[in-house]
Amino acid sequence: MMEWSSRRSVIRMNGDKFRRLVKAPPRNYSVIVMFTALQPQRQCSVCRQANEEYQVLANSWRYSSSFSNKLFFTVVDYDEGADVFQQLNMNSAPTFMHFPAKGKPKRADTFDLQRIGFAAEQLAKWIADRTDVHIRVFRPPNYSGTIALALLVSLVGGLLYLRRNNLEFIYNKTGWAMAALCVVFAMTSGQMWNHIRGPPYAHKNPQNGQVSYIHGSSQAQFVAESHIILLLNAAITMGMVLLNEAATSKGDVGKRRIICLVGLGLVVFFFSFLLSIFRSKYHGYPYSFLIK
């Protein structure tokens, strides 16, 4: 295991290697196994994202000063070890499991990916709880944020320079209101939670191929779910703006009535949709409106 680990941070295993080096006693080391399906025909985008985080964690352990033979990172791909999936009655991927040096894996030795996400930092915390091995995660430098910020500053600076003789647009209340709403929509939809936890975009059931965009638990969410919530909040806000416009404008009464009905329809329909999502995640919530 040490020889393989010195060449590659994550050791690939088939059914024979898994039974001989992970399941068979005696062992004086713990093993973290990622069960996954990385082949293109499996179309598991979540598996690829989780694998990237897993590689970051394994590399952090391999190149750390505390690296030892107490812990190894391995991966079992479904197309290389389908018998292992059957042996463990596993029907979803990716799944992370800890196989301790002594005894059989307990319930806590299976990582709760749906609730916590698969960020390398969260995996490291889970491993520390199960093995007492503390791994400091080192990520390769990512300059995309810095480059994007520099481009944004350059764009804004160039715009201000070109419009230096006419800066009235800076005092445009509508523009600032739209910018503020964009920030509010992003924050209230859970974008910050996504950035911290790194959840999958959606979940595809490997048995029937059904894709879930809304997480069934109130303790987690998918990236697609935050996008849906953002659009619903935007639609409700648009409805409120139209209602306010209908009430305060002094135009044609018939036109104001149409604007009022459209705004009311937006608020009623999309709020009921938002409430139904809330109800599906917080089981036992008794209230619903139009959509159950």
Where does the angle between the aromatic ring planes of H215 and F222 fall among parallel (under 30°), tilted (30 to 60°) and perpendicular (over 60°)?
-> tilted

Between F278 and Y282, what is the ring plane arrangement, given parallel below 30°, perpendicular above 60°, and tilted in between?
-> parallel

Hits for side-chain contact (heavy atoms from CB on, under 4.5 Å) against V153, two or more places apart or cross-chain, chain-then-number order -> L149

[X] to [Y] - nearest heavy-atom pair and separation:
X	Y	value
P94	V46	CD-CG1, 3.9 Å
P100	S30	CA-OG, 4.0 Å
S60	I135	CB-CG2, 4.0 Å
T248	N244	OG1-O, 2.7 Å

Beyond-backbone contact of F85 with N91, side-chain heavy atoms, under 4.5 angstrom = no

Side-chain contact test, heavy atoms from C-beta onward, threshold under 4.5 Å: evaluate it for F118 versus Q49 and give yes or no.
-> yes

To the nearest 0.5 angstrom, please state how far the [atom1] atom of [X] sits from the [atom2] atom of [Y].
X	Y	atom1	atom2	result
S64	H134	OG	NE2	12.5 Å
E80	D16	CD	CG	13.0 Å
M34	R12	CE	CZ	8.5 Å
E225	I214	CD	CD1	4.5 Å
L21	F18	CG	CZ	10.5 Å
I147	L152	CD1	CG	13.5 Å

When clusters are formed by joining ILVMFWY residues with side-chain heavy atoms under 4.5 Å apart, either directly or through shared neighbours, do [X] and [Y] land in the same one?
X	Y	value
F273	L243	yes
V241	L264	no
L38	L88	no
V268	F270	yes
I259	V253	no

Just list the side-chain donor-acceptor pairs under 3.5 Å for residues 229-240, sequence neighbours left out, or say none.
from	atom 1	to	atom 2	distance (Å)
N233	ND2	I229	O	3.4
T237	OG1	N233	O	2.8

Side-chain donor/acceptor of [X] to backbone N/O of [Y], under 3.5 Å:
X	Y	value
D109	K106	yes
R19	A24	no
T74	I32	yes
E53	A120	yes
W61	L71	yes
Q221	G190	yes
W126	A108	yes
T131	V133	yes

F138 vs N59, side chain to side chain contact (heavy atoms under 4.5 Å, CB included): CA-CA, chis, key distance, verdict = CA-CA 8 Å; F138 292 95; N59 287 330; over 6 Å; no

Could you walk me through whether V84 and N14 pass the side chain to side chain contact (heavy atoms under 4.5 Å, CB included) check?
-> CA-CA 8 Å; V84 177; N14 53 25; over 6 Å; no

Hey, mind stepping through R139 and E121 against salt bridge (Lys or Arg N to Asp or Glu O under 4.0 Å) and telling me if it holds?
-> CA-CA 10 Å; R139 293 183 177 276; E121 291 77 8; 2.9 Å; yes

Near K281 NZ, under 6.0 Å, is it more than 12 heavy atoms from other residues, nucleotides or ligands?
-> yes

What do the steps show when you test V75 against I11 for side chain to side chain contact (heavy atoms under 4.5 Å, CB included), and what is the final call?
-> CA-CA 6 Å; V75 60; I11 303 171; over 6 Å; no

Compute the centroid of each ring, for [X] and then for [Y], and state whether the two points are separated by less than 6.0 Å.
X	Y	result
H227	Y201	yes
F96	F35	no
Y29	F99	no

Indicate whether any N or O donor in one side chain lies under 3.5 Å from an N or O acceptor in the other, for D77 and T36.
-> no

Derivation and outcome, side chain to side chain contact (heavy atoms under 4.5 Å, CB included), residues K250 and R256 | CA-CA 8 Å; K250 297 180 180 180; R256 290 170 59 188; 5.5 Å; no

